[in-house]
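Below is one structure; the comments refer to it alone.
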Amino acid sequence: MKVSSDHRRKKMKMNTNIIFSAGISLLFQVLVLSSSPSFTTAMAIHSDEYCAMYDICGQRSDGKVLNCPYSSPSVKPDDLFSAKIQSLCPSLNGNVCCSEQQFETLRAQVQQAVPILVGCPACLRNFLNLFCELSCSPNQSLFINVTSVSQVTGNTTVDGIDFYVTETFGDGLYQACKDVKFGTMNTRAIDFVGAGASNYEEWFAFLGEKVPPGGPGSPYSIQFKTTIPDSSPMKPMNPSVYSCNDTSLGCSCGDCPSAPVCSGSEPSPPIKEPCSIRMGSLKVRCVDFSIALLYILLVFVLFGWVFLQRARQERRVDSNVEPLLNDMGGEGSSFTNIPRDETHSEEVQVMDPHKQNAMQLSYVQGCLSRFYRTYGRWAARKPSTVLCSSLAIVLLLCLGLLHFKVETQPEKLWVGPGSKAAEEKDFFDSHLAPFYRIEQLIIATIPESEHGKPPSIITEDNIQLLFEIQEKVDGIRANYSGLFVSLSDICLKPLGDDCATQSILQYFQMDPDNYDNYGGVEHAEYCFQHYTSTETCFSAFKAPLEPTTALGGFSGNNYSEASAFIITYPVNNAIAKFGDENGKATAWEKAFIQLAKEELLPMVQSSNLTLSFSSESSIEEELKRESTADVITILVSYIVMFAYISVTLGDTPHRLSSFYLSTKVLLGLSGVLLVMLSVLGSVGFFSAFGVKSTLIIMEVIPFLVLAVGVDNMCIIVDAVKRQPSDIPIEEQISNAMGEVGPSITLASLSEVLAFAVGSFVSMPACRVFSMIAALAVLLDFLLQITAFVALVTLDFERAKDNRVDCFPCIKLNRHSMEQIEGTRQETDGLLTRYMKEVHAPFLGLWVVKILVIAIFGAFTLASIALCTRIEPGLEQQIALPRDSYLQGYFSNISEYLRVGPPLYFVVKDYNYSLESKHTNQLCSISQCDSNSLLNEISRASLVPQSSYIAKPAASWLDDFLVWISPEAFSCCRKFTNDSYCPPDDQPPCCFPDEGPCELGGVCKDCTTCFRHSDLVNDRPSTAQFKEKLPWFLDALPSADCAKGGHGAYTNSVDLNGYKGGVIQASEFRTYHTPLNKQGDYVNAIRAAREFCSRISASLKMDVFPYSVFYIFFEQYLDVWKIALINIAIALGAVFVVCLIITSSVWSSAIILLVLLMIILDLLGVMAILGIQLNAVSVVNLIMSIGIAVEFCVHIAHAFMVSSGDRSQRAKTALCTMGASVFSGITLTKLVGVLVLCFSTSEIFVVYYFQMYLALVIIGFLHGLVFLPVVLSLFGPPSRYTVIKE
């Protein structure tokens, strides 16, 4: 649920790593240019073996050297100098146009480019040739013309030149380098050495731009030109240019997708589109078309069957054979009560005026009937004993509430302990490093019209507002155990003392004084395009800041159109859940949220902007607040439920004087209390075993159990009311329990089993919910057949004894009772009359039956088609209160964010020994395997629409191999005592604060770590790898060596036990594409896992993907499979229970069919309402099976125990149980569900109110409309048989 904010944490890490690398690249370009000789003379000579510039004649105020205009012949170097030149510029042999001092300056500066470009030797060679020719070519005057000079300390120096280069070389140089990646920052090297140029003209324009003192770039103007006037003797420079796919200077697939080694790679599979059929201009999915054809076929079959049945009935009219299924009751039919004789429970004689009928019950039904009749008589005789003993057991379970706790940590609520993603997260956190904590602000503009485009947020007023906000954030002092904690105390500081805050203010080094000094808004817009190449655009923590991390709401690279500022504060995280560092951070986060609510929000709104905000602990805190948000709703809802139950259970008084006798307010209140006790007993039982409850349990289960439990209460009371009033109370209770006991047992056991199946779902919140709900329903059922039966007995005795409801101590006098008795009449209720006179006769019409079957069949088939449109996932907003400040934050994240979550490819047990093939199977530089991990990641990034990988991975291994290579002569160096020697621009070689760095000093004798002869195929030996890896990870990046691993890769390698030749864990990081929908997150994790599965099998190495959101979205990969399996298990359980109790495969199959249709229709409603499939909805679907049983089982049971033909028995079942199902089941559930509409928790409204409301309506229609029609057409045979006298 914190997915959107966490995905930046590593983005920061990436930026910091490159801190100096970016600066290096630029500075290197500047210095290279400045070291190139510049010259101009009044009499320039353009001829072979002539120079245009030679030697150094001065330097600028910033220390950059300026060349002398020198139109004279080239100079022959001595042998030592010539060897030095050839080591860097192998194409130059003979005379040169540079002095030794010039060459050393050139060499010192080009070394900055080597670590960046060395991964592609062809690019590096072309790049070096450009500057070798510019600085030292003996034919320099043929392609360089000095156009302007200046005077520096009395010397004439070059101020501007024209540099003629062929288009072939320019384009070849760009094509060879355009795809070379700079791994430390997951970006292209051209972004650093070419300011992101899109062609060679832009690259040359960047390199040749003259910059003012102090800025990175050339100290004089260089105009690159490709055409020469016809009259000029000059010729454009055209040295050999190497393509990146040149076999002699081979580049890796990541740096050169057209390289030969990449040609054999398998093309990415095309994106599969769902099957569809085009009918004219209409495009129909194959599934929809197939279902439509199936429906038409079924309708024809139905009509054919109906006509066949009607023909058979007409032929039977003249027959003397009386079929078994015909009405055996003579005049009409009647519902026959379950036998009252204990000794004849399985075969009962019921005398009819015309013939004898006998009802044959199943063995289990007979046993249950006999048990309930016997038990009901005993319970009615000893109600106090039954009541006290049952309550004592439940109260004993409630003692477990002393250990009651509520779980609010998102990971423990939504992630199963056996989760693969959870195991991978634990491995990542323990071996590498946990993600940073993220605190974030999003400030956005408001569109001028409803559908208009929001204006740009890049204005002076808004940036000044941002400085004011930053000042307030910096001023936060949170109290933690007596200590005052500020942002500086807890924030991430990669390389210095400055926080790695991601904000547009970093383009001004977070200093408001720099705003005007740097040029205000214009400077910010300049930095959007040159953030990697301009030193004044670097952040206060010395790293380039990508605009995508600080801006939102723009398209493409149009950063100036951004409509939102995104300010992110990365804070150090600790693995320990309650560590000191996390405690300080949590205290600061609470103060940060309070500041945002009380001060920042009014500030922003007064500027006509919007503000959304979040902290790492926000979700947990909001879930805690949610637990107390619905207290009033719960209380009001219970009062409503209590009032409805009291009215439902009571009789309709015929006059006002009998009202206080006929009502059953006290019985209804007692029933509600029993429901509460069952819930408390269930929670107490599991709390005693250390199971923490959830907010869903506290708010939903009471309503759920109440809605389920009231059904049985109404059925029991209605059954007692139907008994003759002239028999004793004990016999009334006995007969009623024998009549409805089996069906109540069947429904309750089905509900318990269906609820219990939900405990197989891996999500802890849903699993605990299912377990507690199942036990609560079981306890409620047991209390209904014990305590509630005892309470019913006492209530009926109260009424018989003329005692007032709620005040049983008050007894009416005999005269009043005689008047009341005189007015009592046995009359049917309104619902019963409706069922007898309207509902049942209407459904008995043949036309209506056909329409019902056709319409319900259409709904079911349409729902099957709609099911395929249900998306897996669970929106973060739904899990939070409606009024939570995080609602707007998550919406803004989806709307404005333009960067995806970080993605890590973690490699286990990497064997770095020279004998192992692992190194070349992982790396992506020269001589690495074409199908290596990093090359495959690069290929996958070329098809982001299917791989969800945005860019090639940053590779510590590639950078390490480059860092130790002899070509990167300024990186891996050692003193004469074999200890590590840093680059020349770092202490102790140089102290930048004390002045410009110069060659010499304590590091003058440092040498490269290795020569080519020391390496084997450019790979280090096991001992060399073991020794130099810690050097690399501790090396700071700087201008002289951008490949230092400190910061960028500090936590990328687990050094524990690495000296044995195996690195237990290491990671290669990249990014997912922006993920805006739940489906995108699910598809991203699926694509990453499929990719790693294929790579692991190919390389025979253990590789897995990891991102911060995987732990929350893993469950959705197989959510359909889990849902279907659990629904099948629940349906199977209900079928088995029905089969055992009824001993009728026929009736059990019909119940199963109706339940399946209810679930399918519920899935269709989910698709229409946009309800996603997740653990919550899966549990709801499973429990819906148990709830839906009640709509079916009582009608089916009444049908089986009534006499007559199918139509008459269906009518009898509706007349006897229809009213009870409607008032006792449908309306009670409806009242219980409607209460959830007022919840402040969106998850309850969507997944409980909407889904359960749909279930009640669908269940009611199927139970009281579809099922009676199906039974009247296809119902099982009657239990009645004719006994011949």
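Since the model is a prediction, treat every value here as computed from it, not as a measurement.
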Do [X] and [Y] have side chains that approach each other closer than 4.5 Å (heavy atoms only, starting at C-beta)?
X: Val740; Y: Tyr372; answer: no
X: Ile1151; Y: Val1189; answer: no
X: Ile1159; Y: Ser1184; answer: yes
X: Met835; Y: Leu1264; answer: yes
X: Pro1276; Y: Leu1271; answer: yes
X: Ile1257; Y: Thr1226; answer: no
X: Leu791; Y: Leu674; answer: yes
X: Leu843; Y: Ser1272; answer: no

For Phe1260 and Phe1222: C-alpha separation, side-chain torsions, deciding distance, then whether ring-ring contact (aromatic ring centres under 6.0 Å, His included) applies.
CA-CA 7 Å; Phe1260 159 72; Phe1222 183 76; 5.4 Å; yes
One pair to check against side chain to side chain contact (heavy atoms under 4.5 Å, CB included): Val675 and Met713. What are the steps and the verdict?
CA-CA 11 Å; Val675 171; Met713 296 180 197; 3.7 Å; yes
At what distance, to the nearest 0.5 angstrom, does [atom1] of [X] lie from [atom2] of [Y]?
X: Glu739; Y: Asp718; atom1: CD; atom2: CG; result: 10.0 Å
X: Ser770; Y: Ile1182; atom1: OG; atom2: CD1; result: 6.5 Å
X: Trp378; Y: Ile733; atom1: CH2; atom2: CD1; result: 14.0 Å
X: Ile729; Y: Arg377; atom1: CD1; atom2: CZ; result: 13.5 Å
X: Leu1139; Y: Leu746; atom1: CG; atom2: CG; result: 11.0 Å
X: Phe1266; Y: Ile1158; atom1: CZ; atom2: CD1; result: 9.5 Å

If only atom types and distance count, is the side chain of [X] paired as donor or acceptor with the main-chain N or O of [Y] below 3.5 Å?
X: Glu837; Y: Tyr834; value: no
X: Gln732; Y: Ile727; value: yes
X: Ser682; Y: Val679; value: no
X: Arg1206; Y: Gly1275; value: yes
X: Asn735; Y: Glu731; value: yes
X: Ser748; Y: Thr745; value: no

For Leu387 and Thr786, run side chain to side chain contact (heavy atoms under 4.5 Å, CB included): C-alpha distance rounded to whole Å, both residues' side-chain angles, the deciding distance at 0.1 Å, then the answer.
CA-CA 7 Å; Leu387 181 63; Thr786 55; over 6 Å; no
So which heavy atom on [X] is nearest to which on [Y], and how close?
X: Val386; Y: Ala787; result: CG1-N, 4.3 Å
X: Lys1211; Y: Lys836; result: CE-O, 4.2 Å
X: Leu779; Y: Gly681; result: CD1-C, 3.9 Å
X: Ala776; Y: Ser678; result: O-CB, 3.6 Å
X: Cys1192; Y: Leu1155; result: SG-CD2, 4.2 Å
X: His1194; Y: Ser743; result: ND1-OG, 3.3 Å

Derivation and outcome, side chain to side chain contact (heavy atoms under 4.5 Å, CB included), residues Val720 and Phe796:
CA-CA 9 Å; Val720 176; Phe796 273 78; 3.5 Å; yes
Please find out if less than 6.0 Å separates the ring center of Phe1191 from that of His1262.
no
Can you list the steps and then say if Val752 with Phe781 is a side chain to side chain contact (heavy atoms under 4.5 Å, CB included)?
CA-CA 10 Å; Val752 172; Phe781 164 67; 5.9 Å; no
Taking only residues two or more places apart in sequence, or in another chain, which ones meet Leu298 in a side chain to side chain contact (heavy atoms under 4.5 Å, CB included)?
Leu294, Leu861
Between Ser1207 and Lys849, does the side-chain hydrogen bond (donor to acceptor under 3.5 Å, both in side chains) criterion hold? Intermediate values first, please.
CA-CA 11 Å; Ser1207 295; Lys849 291 180 181 180; 3.1 Å; yes
Listed partners of Asp795 passing salt bridge (Lys or Arg N to Asp or Glu O under 4.0 Å), at least two apart:
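Residues passing salt bridge (Lys or Arg N to Asp or Glu O under 4.0 Å) with Asp795: Lys664, Arg798.
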Do the side-chain N and O atoms of Tyr375 and Ser734 include a donor-acceptor pair separated by under 3.5 angstrom?
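Note: Tyr375 and Ser734 side chains miss the donor-acceptor criterion.
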What pairs with Ser863 under side-chain hydrogen bond (donor to acceptor under 3.5 Å, both in side chains), at least two apart in sequence or on another chain?
Asp1161
